[in-house]
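The structure appears right after this line, and notes come after that.
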Amino acid sequence: METQVQADPEAAIDADALASTIEALLFLSPDPLSASELAEAAQAGEPEVQAALGALASRYVPGARGIVLRELAGGYTFATDPATEDAARRLFSRPRTATLTPAQAETLAIVAYLQPVSRPEITRIRGVSADSATTTLLERGLIEEAGRSQFGAVTYRTSTLFLKLFGLRSLQELPDVARWDPTPEEQAELRDRLLRAGEARAGDGPTPE
Amino acid sequence: METQVQADPEAAIDADALASTIEALLFLSPDPLSASELAEAAQAGEPEVQAALGALASRYVPGARGIVLRELAGGYTFATDPATEDAARRLFSRPRTATLTPAQAETLAIVAYLQPVSRPEITRIRGVSADSATTTLLERGLIEEAGRSQFGAVTYRTSTLFLKLFGLRSLQELPDVARWDPTPEEQAELRDRLLRAGEARAGDGPTPE
Amino acid sequence: MTAVATLDLDLDVFSGPFDLLLTLVLREEIDLLELALADVVLSYLDHLESRGELDLETATEFIVLIAALLELKSKLMLASEEDDAGLLEMEPEEAAQELLERMLDARRYRSAAGYLRELLSSEEGVRFRHVPPPAHLRRTELAPQEGSENPEVLGVAIGRLLSMPPTISLRHIGTPRVTVAERLAHLRGLLRRGAFSFDEAVGEADRMTVAVTLFALLELYKRGEVDWRQQESFGEIAIQATAAQPSATVAAVAG
């Protein structure tokens, strides 16, 4: 096989370029890569790959750089130098300042005021899909599943974490919608009114000039 | 703040070590990191971070390595050198990004220049519905919701991923849209043509019945 | 504009090339309100079919122009009474300006789209690392602070969702008012002169009138005033009074 690969004109690729290619592959791969996997991807012979890995190892020698080349059971991989871990921990443990996106705020508001509420209902009210916002809110633990609707759709409610983050003792403390209600004289139930407005919007309003 | 940082014993960290730390942080972070985020995590001053980034940039100069340091989407990040793409494609069968259809590119251009912009506005400019293009761009993460217009339609803006994939540091790097406008002379001619396109014919040709 | 310009049209109110139509509309020699834009589109589709190929550039130009005409037309239809002096009086010059703006806008973003596609292809082969940071570096994640979010955000969001989009008033569009009583009188008038066909009864009338006429006919049938026959589906409907009239009158009507 080795000879076969050497016969390939691609194998004439020079050593520097091969080292660069291997560097890029190791950078991208979440898992360690073996010399033979690298050879196949780079279309080079294993001895050349070994030589390139040697060159990379001396470039990424421990102590000199923030990234080191490691040889593990499964092959080769890049990892960060342990000396940089404090900084990395500070970076990734920053308090979540991720503010709610407009879509998430809308979805959360609908769940908070109408709970339990299903995804199709949320979509009808918003006029556009709420799937990714719902998923993020679930991941962040702000909403949780609350059984199924009469039509079999999963319904959602807000979580205890939601109350804590918004500084509420109970759902009764949610601000009175009347303060922001554009048509407070309307008597119908909030849910019906939201669905009606959502359906009216679904036709997409007039175009602003 | 700078003096405060310098008083900190951590600030005495030498330039090489800082460059190593930044290298590790950029390697670990899935998103571009701004100089101030790097400074906070590395507990260094921003000028020192800028100097370290400069040192890293000369180490990761394009063409020299398989990895290059890029300034994208308001921060810094590592990316692969395109020369290594063939090997990467062989290793990770998934192609990097699908190209854009003309409808998607047009919709994306309108969002990029007019953001925040609603679907009805996009439709108005294109003359045809932009619904499916908008949905695809949302799914691909190139655009995201940005609230609602005064008429209640959901508005859209471009995402960080858009800047990253299109190699832009910020939206300011997009050229002025006016550069694609015809010259005033061409505009006048176009207008003339619109007004008098059939004028010649109007005299002797068929007339309205 | 060239290929679209020479598109030949044969419509109710106009026959000739598309650019001439555009000119006549802009010079207000053809009333946009009387022009069936759908027919223009159909002609264009026929034209495309006969050519068997789609020239994207031309198609885009056509779509932008027809969309602009549609918008002008809908503005004309919706123009409020107070607004009469505005759009209805739009000078050909202004209308041309409006069309021009639309074409420029469309061109502008089509070019920008081309630029973006080039930009994307110049980044071809650039890959980023998508590996979540190792678990041991994320262990110390701080919980978000209690009370860090503002509940008013939720109320504001609901308030926005409660607002109805502005409704477009359609009161300016003249709804053709056809009453059953009118059509009954019309049919009875025809009956007095003898037998006739349904097509003769409705002539070139609009769809609403046709529907109301049929309704009136049903009413007459119910009351036993008429007999009607149809030999085949979609065929002619022959109508005559139940007490048959002398055939001479039929000839008189036909003549």
Side-chain angles (χ1 to χ4, degrees), chain A residues 24 27-31 78-80 85 88-100 102 105-110 112-114 125-127 140 142 161-162 164-168 173-183 186 190 193-194 196-198 200-201 203-207, chain C residues 67-68 70-72 74-75 77-80 83 86-87 94 97-98 101-102 105-106 123-170 172:
Chain A
F27 165 75
L28 292 172
S29 175
D31 305 307
F78 279 135
T80 52
E85 283 194 1
R89 223 171 255 128
R90 276 190 295 270
L91 181 70
F92 296 115
S93 66
R94 277 172 308 171
R96 289 275 192 103
T97 47
T99 47
L100 296 171
E106 259 181 35
T107 306
L108 187 57
I110 295 168
Y113 282 96
L114 299 186
I125 292 170
R126 297 201 58 227
R140 288 182 60 182
L142 291 168
L161 177 66
F162 163 80
K164 273 193 198 159
L165 288 186
F166 283 82
L168 304 168
E173 284 192 357
L174 277 174
D176 187 355
V177 174
R179 281 169 56 201
W180 297 281
D181 194 342
T183 47
E186 279 259 12
L190 186 63
R193 294 183 51 203
L194 284 171
R196 220 175 334 125
R201 266 192 305 270
D204 269 346
T207 317
Chain C
L70 270 173
E71 195 181 333
L72 277 176
S74 58
K75 276 186 185 172
M77 292 170 83
L78 291 172
S80 63
D83 212 31
L87 276 162
E94 288 172 71
Q97 188 60 33
E98 171 106 19
E101 292 296 327
R102 299 289 298 271
D105 249 8
E123 289 292 304
E124 177 115 35
V126 176
R127 288 184 188 237
F128 300 95
R129 194 169 181 266
H130 294 288
V131 183
H136 73 279
L137 291 178
R138 288 180 288 156
R139 212 178 295 146
T140 50
E141 187 159 307
L142 302 178
Q145 263 186 300
E146 288 193 15
S148 58
E149 300 280 352
N150 182 358
E152 303 234 324
V153 170
L154 305 175
V156 170
I158 290 290
R160 210 166 36 227
L161 287 171
L162 276 174
S163 59
M164 283 292 213
T167 47
I168 298 172
S169 159
L170 298 179
H172 311 293

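Keep in mind that what you see is a predicted model, and the values were worked out from it rather than measured.
Between A:Pro175 and C:Pro151, the closest heavy-atom pair is CG-O, 3.4 Å. Closest approach of A:Leu28 to C:Val131, counting heavy atoms only: O-CG2, 4.0 Å.
The side chain to side chain donor-acceptor pair (under 3.5 Å) check on A:Arg179 picks up C:Glu152, with sequence neighbours excluded. In this structure, the side chain to side chain donor-acceptor pair (under 3.5 Å) partners of A:Arg126, at least two apart in sequence or on a different chain, are A:Glu106, B:Glu145.
Taking CD of C:Glu149 as the reference point, atom CG of A:Leu100 lies at 4.5 Å (rounded to 0.5 Å). The structure places CD1 of A:Ile110 at 5.0 Å from CG of C:Leu161, a figure rounded to the nearest 0.5 Å. Going from atom CH2 of A:Trp180 over to atom CD1 of C:Ile158 covers 10.5 Å, rounded to the nearest 0.5 Å.
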Yes or no on side-chain contact (heavy atoms from CB on, under 4.5 Å) for A:Phe162 and C:Leu154, after CA distance, side-chain angles and deciding distance? CA-CA 12 Å; A:Phe162 163 80; C:Leu154 305 175; 3.5 Å; yes
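Taking chain C as the reference chain and counting heavy-atom pairs below 4.5 Å, the highest number among A:Ala24, A:Gly127, A:Pro182, A:Gly167 is found for A:Pro182.
For C:Val153, the part lying near chain A is the side chain, with the backbone staying farther off; criterion is any non-hydrogen pair under 4.5 Å. Interface remark: A:Tyr113 contributes side-chain atoms only to the contact with chain C (heavy atom separation under 4.5 Å). A:Leu174 touches chain C through its side chain: at least one heavy atom from C-beta onward sits under 4.5 Å away, while N, CA, C and O do not.
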